[in-house]
Amino acid sequence: MSTTRILIDVPLEPAIGGRFQPTGFPDLGAAEFDRPDGAGGWVKSMLVESTQSMANRLEGMAWDDGAVAPVGVFNGLSYISVVDTGDGRYLTSSRTESHRLASAFIKDSKLAGTSMVDEIKSRLGLRDDTPIPARSIAAAVFALDPFCLVHGVFFADSKWPGQPKIARALTAFVEATDVHRADSGGVKRDSVRHGIKEGVGGTAEGYGSVPFHRTEWTASDIVASFSVDRRQIRAYGLGDAASALLESIALWEIRALLEDGLRLRTACDLVPKDDVITDKSGTALPTLAELESAITAGIAACKSQLGIGGPVEVQWDGGKKEKKGKTSKIDESGDEDGPS
């Protein structure tokens with residue numbers, strides 16, 4: 001196994017049939033591209049699932065939507081839980097928000113009467129005209145939500161001096177090679193209103209029979225690719241136990257996603273072709289049971305380092321705007337780009 005990165009390519013196939021529906025982008029549709037075929041030519045390829053979406057799906061494996069809480073094995077790890085100031089009902093968390101600890105819901109919340117903007121600024125030790133060691137920021141983020149050191153976070157607000165950024169340590173995407181269109185269609189039928197007349201509701205209101213087309217795809221190969229940056233994790237300077245814990249979290253998410261199957265959309269249900277998953281060095285990916293055992297041991301070993309531990313509940317009052325103060329500034333060139 002590489003000492004710098006764990007690289008995994010997993011061949012996939014549709015769970016049923018041979019077609020799949022790729023992700024679509026505004027003003028672009030399916031993301032097609034050409035790649036070298038190794039013989040001097042080019043082959044038509046496609047992005048099936050983006051890095052941002054895969055980050056959401058991987059992180060989502062560790063969250064129990066029904067219980068609105070982390071999956072049991074992650075009990076004891078810190079995260080921010082946002083509740084409504086009025087009735088105390090759960091709203092969201094640093095595990096489910098697109099920008100994690102830098103989410104607007106968290107920024108606009110309070111912890112024991114203190115603004116979370118100020119709380120995070122204090123915990124990260126952010127000050128004007130003062131460089132903050134990256135390891136100090138990593139240690140503070142680890143105590144707030146270790147998952148942010150796996151999936152990245154960008155504190156993109158001018159109220160946070162320096163606007164520190166942590167890149168993803170776990171990166172993933174799904175690509176297809178030698179793709180071909182599979183066009184089909186159908187019709188939405190209206191058995192009541194057989195014809196559209198002037199002055200009555202039409203197709204814009206949902207009446208009438210409407211034909212539609214659908215474009216799906218086939219491919220010679222579909223591959224899910226994963227990269228765990230071990231060098232970045234070690235560079236956080238958190239020690240062997242914490243580094244091993246973060247690596248185990250990343251591998252658990254990969255294993256859990258592959259075992260659950262990648263049902264990305266209604267018409268895109270993909271499963272691994274092979275029963276045994278190995279990285280590019282030939283090392284087998286640990287089982288869920290092995291990874292859960294490592295995570296449990298890692299949490300126990302890092303208990304004093306975790307600081308607060310478990311959920312930290314903050315109160316959100318509706319995101320009311322302040323009358324005075326600087327507005328946030330997002331650096332769109334950042335690595336932690338948009339919802340992910």
Side-chain angles (χ1 to χ4, degrees), residues 1-15 20 22-23 31 33 35-36 38 43 45-63 71 73-74 146-152 166-179 219-236 242-264 268-295 298 335-336 340:
M1 182 180 290
S2 170
T3 58
T4 59
R5 285 180 295 166
I6 302 173
L7 303 176
I8 305 170
D9 281 340
V10 182
L12 305 174
E13 61 185 359
F20 64 91
T23 188
F33 62 95
R35 72 192 311 162
V43 60
S45 302
M46 174 175 290
L47 180 64
V48 179
E49 200 70 2
S50 70
T51 301
Q52 298 94 319
S53 180
M54 285 294 284
N56 290 336
R57 295 181 186 281
L58 285 162
E59 200 165 13
M61 299 308 301
W63 185 261
V71 171
V73 69
F74 298 107
F147 276 64
C148 289
L149 297 181
V150 176
H151 293 287
I166 296 173
R168 307 179 202 281
L170 170 57
T171 303
F173 51 82
V174 181
E175 294 179 337
T177 305
D178 188 20
V179 297
S220 295
D221 297 290
I222 307 173
V223 177
S225 297
F226 304 89
S227 172
V228 180
D229 194 332
R230 305 178 85 190
R231 177 179 291 173
Q232 177 178 322
I233 290 173
R234 289 199 306 272
Y236 293 147
S243 295
L245 174 59
L246 293 174
E247 184 178 312
S248 295
I249 290 172
L251 293 178
W252 184 94
E253 290 184 338
I254 295 171
R255 169 60 81 179
L257 181 67
L258 293 174
E259 290 199 5
D260 192 58
L262 285 78
R263 193 168 192 271
L264 307 178
C268 193
D269 191 353
L270 306 173
V271 294
K273 282 186 175 182
D274 305 318
D275 294 331
V276 178
I277 307 298
T278 63
D279 65 16
K280 287 192 174 183
S281 72
T283 303
L285 183 65
T287 65
L288 273 181
E290 291 170 337
L291 290 166
E292 288 172 358
S293 181
I295 289 168
D335 181 80
E336 232 299 308
S340 56

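- With contacts defined as side-chain heavy-atom distances shorter than 4.5 Å, the pair V150/E59 does not qualify.
- Q232 places a side-chain N or O within donor-acceptor distance of the main-chain N or O of A167, the cut-off being under 3.5 Å.
- Between the CD atom of E253 and the CE atom of M61 there is a distance of 9.0 Å, given to the nearest 0.5 Å.
- Looking at every heavy atom in both residues, E175 comes nearest to F33 through OE2-CZ, 3.8 Å.
- One finds the CD atom of E247 at 11.0 Å from the CG atom of L170 (value rounded to the nearest 0.5 Å).
- Contact annotation: the side chain of I254 approaches that of V228 to within less than 4.5 Å [non-hydrogen atoms, C-beta and beyond].
- Residues L264 and L270 have side chains in contact (heavy-atom distance under 4.5 Å, counting atoms from C-beta outward).
- Across M54 and A172, no two heavy atoms sit closer than the pair CB-O, 3.6 Å.
- When V48, V271, L262 are each tested for a side-chain contact (heavy atoms from CB on, under 4.5 Å) with L12, only one passes: L262.
- When all heavy atoms are compared, the tightest approach of S248 to I295 is CB-CG1, 3.8 Å.
- With contacts defined as side-chain heavy-atom distances shorter than 4.5 Å, the pair T283/I6 does not qualify.
- Residues R5 and D229 have side chains in contact (heavy-atom distance under 4.5 Å, counting atoms from C-beta outward).
- Looking at every heavy atom in both residues, F173 comes nearest to S50 through CB-C, 4.4 Å.
- Interatomic distance, CG of L245 versus CD1 of I233, reported as 9.5 Å (0.5 Å rounding).
- Closest heavy-atom contact between A62 and F147: CB-CE2, 3.6 Å.
- Counting heavy atoms from C-beta on, the side chains of L7 and D279 never come closer than 4.5 Å.
- The side-chain heavy atoms of R168 and Q52, taken from C-beta on, include a pair separated by under 4.5 Å.
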Acceptor/donor pairs from residues 219-227 side chains to any protein atom, 3.5 angstrom cut, sequence neighbours excluded:
from, atom 1, to, atom 2, distance (Å)
S220, OG, D178, OD2, 2.6
S225, OG, D9, OD1, 2.7

Please list, one pair per line, the donor and acceptor atoms closer than 3.5 Å that link side chains of residues 284-292 to other protein atoms, with sequence neighbours excluded.
from, atom 1, to, atom 2, distance (Å)
T287, OG1, E290, N, 3.1
T287, OG1, E290, OE1, 3.4
E290, OE1, T287, N, 2.9
E292, OE2, W252, NE1, 3.3

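- Applying the side chain to side chain donor-acceptor pair (under 3.5 Å) rule to E49 yields the partners S53, R57, R265; only residues at least two apart in sequence or on another chain are considered.
- Using a 4.5 Å heavy-atom cutoff, the side chains of P22 and L47 are not in contact.
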